[in-house]
Undergrad: 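Mind looking over this structure? Questions follow.
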Amino acid sequence: MTRGQMGRIALLAMAVAGAGCASKREETRAEPQAPQETEAAESPSTNEASPMAARLSCAMKVPSRFVAGGPVQVSFSVTNTSSQPLYVLTWNTPLEGRILNDMFEVSRDGVELPYQGPMVKRAPPTADSYVTVEPGATVTREVDISQAYGATTPGAYTITFRGALMDVTPDKAKAPPADGDYKGVDVKCAPVDTTLAAK
Amino acid sequence: MSLSSGGRLNWIVGAVVSVSLLGGCGAPDEQTQDSTPVQGETARDAIAGDVKVTLSVPRSSLAAREAVMVSVTLTNVSKDTVRLLKWHTAADGLKEDLFAVTVNGQKAEYNGRHYKWATPVASDFLRLAPGESVSHDVDLGAIYDLSVTGAYSIRYDSDGHHSDVGHEGLSQLRSDALALSIEGRPFVHPVADSTGVVTAQALSTSSCTGSRPAATVTTAFTTAQSMTNGAVTYLNGTIGPRFSTWFGTINTTNVNLIKTHYAAIKTAFDTKSVIVDCACSDSAYAYVYKNQPYRIYVCNAFWSAPMSGTDSKGGTLVHEMSHFTVVADTDDWAYGQSACKSLTSSNQTRARDNADSHEYFAENTPAQN
């Protein structure tokens, strides 16, 4: 396949990446008690103008309904729309699998909820702090936002990723960069909505 | 989940709540993505999704004369032998605030002990073979204030405990809420916590002993005060590259915003009851909860940092103090000098909201005018 072809299919890949990946995961994952996921809740992203941002798309997904008081799992994906591997620092994103920073804006019935989790000043990252996203591949991870944002009472919730990826590089040797010169990239994922219902 | 209403639960004997783990919904994914669990000799550290936590009580409605005994069962649902820090379990009695207990929606106070944990050794771990379960009973009334009569919600949440940040998944044991109806009973306070050392300023320390001495924290605190005073003085004088390096464009609006930030930081250091908690053993420098002033948790990188200068002990306290909502409400948009400098060209609003930028401005190393 030529680079030109790769480029032409990139847009198509972007358009289907979120849905394709998500449904694939659904098939392979046994989650007996998971609420029903709705395609409507899924939100492929558009990218901002920076060259690196154009190589990554992101998407969030949540079930349409949770039971108030339990976990509120939000799925977050980044898709590499370029033709070379990208190394993404997982810090302060859902890709880290836990919330150590105010990475989301969460509102209940239109009112923003204060972040209640820790704010951590990190020691410098290591290679393990990065996730490799192969060309065309999507990396997905879920985090539970219920405790960090007090999403524990019934209501209509909107969850928005604030957008900052602290470092993205195509150069494995610079993951992390020896000189601390991180290349932050903003990605824009459409917000997702969910409802917390009383028990 | 089987719980439909608290009222109905009152009549269920042996009510059992099964559990979810923080971040554990994607358990199958966890294995294949970026997080590589630490390998032990024969058991790997449990990560989210490995261990299921189940709480059970013999009866869900308890009179004042009855103890609130909660049975905590940990089951390894993974395919591997895993290990857990006993500190995050009730294996040797409850030694940390491992439950989230609320009554009528209000938090019930934890009145138990907070321990300073040294680097764990093999005997500090609980090992679970695949499919293996262990149960421990906990007398909740001995450690939580159950003096109010009402509808209680009890959840196992080892991550709610402050020193757990960064135990790389070890801390992510969590159950769903168990609903109980409890008649209030008098709470007898355990022996007062003796780890707090009050010093001259309004500084207290918690768990700062041994290789993490309170005296070092006190010096870091005075260093942070000195750095903050330096920042305040600078902002009342001629503004130059020291400002623009970290906060961007020099104009009245921007300078006033940053002045407000450091004035608030100074007030907090000088007049508030600050608690520095040394129990954290994460690789990080430090952390806070923004809405829980003025408690600052310092971690491993803090102890190896210099007292002053770039990424120092003093500067770290400035960084953390700036986070509190009631202080400057800063966020972490970038870490490190290089990335913080870049913020002034990529997103100045973030630079002026960035905690590390506030730290570097205060540390002023190398010095600028």
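All of these numbers come straight from a predicted model, not from anything done at the bench. Numbers restart at 1 for each chain; the letters A, B, ... are given by sequence-line order, proteins then strands.
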Undergrad: Once rounded to the nearest 0.5 Å, what's the spacing between atom CG of A:Leu100 and atom CG of B:Asp282?
TA: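 Atom-to-atom, A:Leu100:CG and B:Asp282:CG are 8.0 Å apart.
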Undergrad: A:Tyr115 and B:Lys290: which non-hydrogen atoms are nearest, and at how many Å?
TA: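 Taking every non-hydrogen atom into account, CD2-CD, 4.4 Å.
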Undergrad: State whether B:Asp356 and A:Lys121 are salt-bridged, where the test is any N-O pair (Lys NZ or Arg NE/NH1/NH2 against Asp/Glu carboxylate O) under 4.0 Å.
TA: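 A:Lys121 and B:Asp356: salt-bridged.
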Undergrad: Return the minimal non-hydrogen interatomic distance between B:Ser283 and A:Ala123, and the atom names on each side.
TA: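 Of all heavy-atom pairs spanning B:Ser283 and A:Ala123, the closest is O-CB, 3.2 Å.
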Undergrad: Where does B:Asn300 contact chain A at under 4.5 Å (heavy atoms): side chain, backbone, both or neither?
TA: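 Interface part for B:Asn300: neither.
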Undergrad: I'd like to know whether CD of B:Gln106 has more than 12 heavy-atom contacts from other residues, nucleotides or ligands below 6.0 angstrom.
TA: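 For B:Gln106, atom CD is not crowded (no more than 12 foreign heavy atoms under 6.0 Å).
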Undergrad: If I measure from the heavy atoms of chain A, does B:Gln337 come under 4.5 Å with its side chain, its backbone, both, or neither?
TA: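 Answer is neither: B:Gln337 stays 4.5 Å or more from chain A.
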Undergrad: Between A:Gly180 and B:Ser338, what is the shortest heavy-atom contact and its length?
TA: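 That closest heavy-atom pairing would be O-CB, 3.4 Å.
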Undergrad: Give the interface residues of residues 339-355 of chain B toward chain A, defined by a heavy-atom separation under 4.5 Å.
TA: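 When heavy atoms of chain A are the reference, residues 339-355 of chain B contributes B:Ala339, B:Ser342, B:Arg350 within the under-4.5 Å range.
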Undergrad: Return the minimal non-hydrogen interatomic distance between A:Met119 and B:Asp331, and the atom names on each side.
TA: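 Where A:Met119 meets B:Asp331 most closely, the heavy atoms are CE-CA, 3.6 Å.
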Undergrad: Heavy-atom distance under 4.5 Å between the side chains of B:Arg174 and A:Ser146, does that happen here?
TA: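 Yes - at least one pair of side-chain heavy atoms lies under 4.5 Å apart.
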Undergrad: Which region of A:Asp181, side chain (C-beta onward) or backbone (N, CA, C, O), has a non-hydrogen atom less than 4.5 Å from a non-hydrogen atom of chain B, or is it both or neither?
TA: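 Looking at A:Asp181, backbone and side chain both touch chain B.
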Undergrad: Please round to the nearest 0.5 Å and tell me the distance separating atom OH of B:Tyr285 and atom CZ of A:Arg122.
TA: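 Those atoms lie 12.5 Å apart.
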Undergrad: Using a heavy-atom distance cut-off of less than 4.5 Å, which residues of residues 164-177 of chain A contact chain B?
TA: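 Hits under 4.5 Å: A:Ala164, A:Met166.
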Undergrad: Compare every heavy atom of A:Val120 with every heavy atom of B:Tyr335, then report the nearest pair and how far apart it is.
TA: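 In terms of heavy atoms, the two residues are closest at OH-O, 2.7 Å.
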Undergrad: State the CH2-CG distance between B:Trp333 and A:Asp186, to the nearest 0.5 angstrom.
TA: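 Those atoms lie 7.5 Å apart.
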